[in-house]
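Below is one structure, written out as structure tokens, with a few remarks after it.
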Amino acid sequence: GIPTNIWWLWQDSFWPEGQVSCIVLDAMFEAANFASVLNVVCVSVEVYVLICRPHIAKVWVNEIHAKMAVAAIWFVSIGSSIAVAFCIRQYWEADNRDRT
């Protein structure tokens with residue numbers, strides 16, 4: 001929450017639990033955010049196809065394709081969060097060099 005985050009900013013180090021937990025938690029947070037946005041996009045595309053392209057919907061809108069879409073969304077989300085985790089690690093290393 002906000003009060004906890006403000007307390008961390010007042011401390012010497014903004015993340016008291018250490019580098020690994022910071023990277024893992026931020027990567028999980030980003031993966032969930034990416035997955036949430038991509039799920040909304042996927043539902044929007046599905047509604048568009050159902051309304052505007054019903055002839056395509058008969059072929060493509062089924063349970064197997066929905067499961068494949070969800071798996072692809074999580075694959076892309078986790079892959080994107082790994083890139084964010086790499087950036088966070090770079091930030092930690094730069095921050096540690098500045099402190100010494």
Side-chain angles (χ1 to χ4, degrees):
I2 296 290
T4 310
N5 291 341
I6 291 173
W7 177 81
W8 285 335
L9 291 174
W10 288 339
Q11 301 301 314
D12 185 32
S13 175
F14 73 99
W15 188 260
E17 283 83 21
Q19 180 181 6
V20 174
S21 65
C22 175
I23 292 171
V24 169
L25 289 176
D26 279 345
M28 289 172 47
F29 178 75
E30 292 300 326
N33 281 337
F34 292 150
S36 176
V37 169
L38 291 175
N39 275 319
V40 170
V41 170
C42 190
V43 168
S44 299
V45 168
E46 181 183 23
V47 169
Y48 169 78
V49 169
L50 286 170
I51 293 172
C52 298
R53 310 275 190 234
H55 56 283
I56 296 173
K58 289 180 181 179
V59 177
W60 283 99
V61 178
N62 58 35
E63 186 177 348
I64 293 170
H65 289 131
K67 288 179 180 180
M68 288 176 15
V70 169
I73 285 170
W74 277 104
F75 180 76
V76 169
S77 299
I78 291 170
S80 300
S81 70
I82 290 171
V84 170
F86 178 75
C87 292
I88 293 168
R89 186 177 65 87
Q90 295 294 326
Y91 175 78
W92 265 90
E93 289 174 359
D95 190 44
N96 286 339
R97 274 181 274 162
D98 291 342
R99 291 177 189 260
T100 58

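We number each residue from 1, following the sequence as shown.
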Going by side chain to side chain contact (heavy atoms under 4.5 Å, CB included), name the residues that satisfy it together with Phe86, two or more places apart in sequence or in a different chain.
Arg89, Gln90
Sorted by chain and number, sequence neighbours left out, side chain to side chain contact (heavy atoms under 4.5 Å, CB included) with Phe29 holds for Asn33
Under 3.5 Å, which donor-acceptor pairs do the side chains of residues 59-72 form with other protein atoms, sequence neighbours left out?
from, atom 1, to, atom 2, distance (Å)
Asn62, OD1, Ile64, N, 3.3
Asn62, OD1, His65, N, 2.9
Asn62, OD1, His65, ND1, 3.0
Asn62, ND2, His65, ND1, 3.4
Glu63, OE2, Lys67, NZ, 3.2
His65, ND1, Trp60, O, 2.9

Remaining members of the apolar cluster that contains Ile73, side-chain heavy atoms under 4.5 Å
Leu38, Val76
Show every donor-acceptor pair shorter than 3.5 Å between a side-chain atom in residues 44-58 and any protein atom, with sequence neighbours excluded, or say none if there are none.
from, atom 1, to, atom 2, distance (Å)
Ser44, OG, Val40, O, 2.9
Tyr48, OH, Arg53, NH2, 3.3

If you look at every heavy atom in Trp74 and Ala31, which pair is closest and at what distance?
CZ3-O, 4.1 Å
